[in-house]
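Since the structure comes first, as structure tokens, the remarks are kept for the end.
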Amino acid sequence: KNQVEQSPQSLIILEGKNCTLQCNYTVSPFSNLRWYKQDTGRGPVSLTIMTFSENTKSNGRYTATLDADTKQSSLHITASQLSDSASYICVVRPSSGYALNFGKGTSLLVTP
Amino acid sequence: DTAVSQTPKYLVTQMGNDKSIKCEQNLGHDTMYWYKQDSKKFLKIMFSYNNKELIINETVPNRFSPKSPDKAHLNLHINSLELGDSAVYFCASSQGRGIEQFFGPGTRLTVL
């Protein structure tokens with residue numbers, strides 16, 4: 001069973017609207033949680049990285065939140081743009097070892 | 001001045017052939033990774049090298065053999081290619097267990 005679950009699997013929104021993507025994880029203990037954006041045909045690019053002690057981290061129109069008690073994270077996108085269309089991947093790093101735990105991603109499509 | 005580069009970007013080949021994918025990073029990192037992303041967009045770790053030493057070797061057929069000639073390079077050789085090997089392969093690097101991994105652009109392998 002995957003230790004990082006994301007929802008929804010896919011999402012379509014109108015340009016200019018806000019949206020929130022969810023990530024639930026069971027990895028414990030963990031060192032940090034990251035959100036990556038992967039454009040079609042490209043490698044993933046880091047958006048935000050939060051350690052277990054952080055609750056929120058912003059990067060422009062992207063704001064990630066983390067609740068380590070409930071093991072949930074969310075990525076909120078404000079005033080979406082067409083270029084936000086991509087796959088968003090939640091990744092959790094355990095406290096030990098080199099391997100990361102990847103979610104299956106949420107595919108976001110922003111339409112005009 | 002690409003940070004993590006992979007060649008080739010596309011690779012189409014027949015079943016049973018042997019092929020290699022090359023990866024180079026100019027970030028001065030000491031740890032490199034190979035990931036496989038299947039048709040469902042799920043990223044799975046295959047291998048990781050730290051200072052040219054193998055540190056992660058997930059359940060991967062021994063037809064896959066990574067080679068790290070130096071810290072800046074991690075190549076992936078695949079023998080006797082099978083249809084199920086068709087996927088996008090990503091190389092990544094980090095400094096130690098590092099906060100962040102930087103991904104290459106990916107190599108789309110199609111086995112016919």
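We name chains A, B, ... by the order of the sequence lines, and we start the count at 1 in each one. Both backbone and side-chain heavy atoms feed into the values below; hydrogens, waters and symmetry mates do not.
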State plainly whether one hydrophobic cluster holds both [X] and [Y], where clusters connect Ile, Leu, Val, Met, Phe, Trp and Tyr through side-chain heavy atoms under 4.5 angstrom apart.
X      : Y      : result
B:L109 : B:L76  : yes
B:L11  : B:L83  : yes
A:Y62  : A:L82  : yes
A:F52  : A:Y25  : yes
A:L75  : A:F102 : no

_Residues, nucleotides or ligands: over 12 heavy atoms within 6.0 Å of B:F42 CZ_ =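 Atom CZ in B:F42 is crowded, with more than 12 foreign heavy atoms closer than 6.0 Å.
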*More than 12 heavy atoms of other groups within 6.0 Å of A:E15 CD*: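 Yes, enclosed.
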*Starting at CG of A:N32, measure out to CD of B:E100 and round the result to the nearest 0.5 Å.*
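Output value for this atom pair is 10.0 Å.
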*asked:* Measuring from atom CZ of B:F103 to atom CD of A:Q38, what distance do you get when rounded to the nearest 0.5 angstrom?
replied: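 B:F103 atom CZ to A:Q38 atom CD measures 8.5 Å (nearest 0.5 Å).
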*Can you name the closest pair of heavy atoms from A:R34 and B:Q101 and give their distance?*
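That would be NH1-N, 3.7 Å.
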*Closest heavy-atom contact between A:G41 and B:K9?*
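Where A:G41 meets B:K9 most closely, the heavy atoms are O-NZ, 3.4 Å.
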*Engaged part of A:S46 at the chain B interface, taking heavy atoms whose separation is under 4.5 Å*: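 Interface part for A:S46: both.
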_Quick check on B:Q37 against chain A: is it the side chain, the backbone, both or neither that has a heavy atom closer than 4.5 Å?_
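Only the side chain of B:Q37 comes within 4.5 Å of chain A.
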*Is it the side chain or the backbone of B:I55 that comes within 4.5 Å of chain A heavy atoms, both, or neither?*
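Contact with chain A is through the side chain of B:I55 alone.
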*Could you check B:F102, B:F90, B:Y35 and say which one makes a side-chain contact (heavy atoms from CB on, under 4.5 Å) with A:P44?*
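Only match with A:P44 under side-chain contact (heavy atoms from CB on, under 4.5 Å): B:F90.
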*So do the side chains of A:I89 and B:L43 get within less than 4.5 Å of each other, counting heavy atoms only?*
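Yes, close enough: below the 4.5 Å cut-off.
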*Select all residues of residues 65-75 of chain B having any heavy atom within less than 4.5 Å of some heavy atom of chain A, and report them by number, or 'none'.*
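Residues qualifying by a heavy atom under 4.5 Å from chain A are absent, so none.
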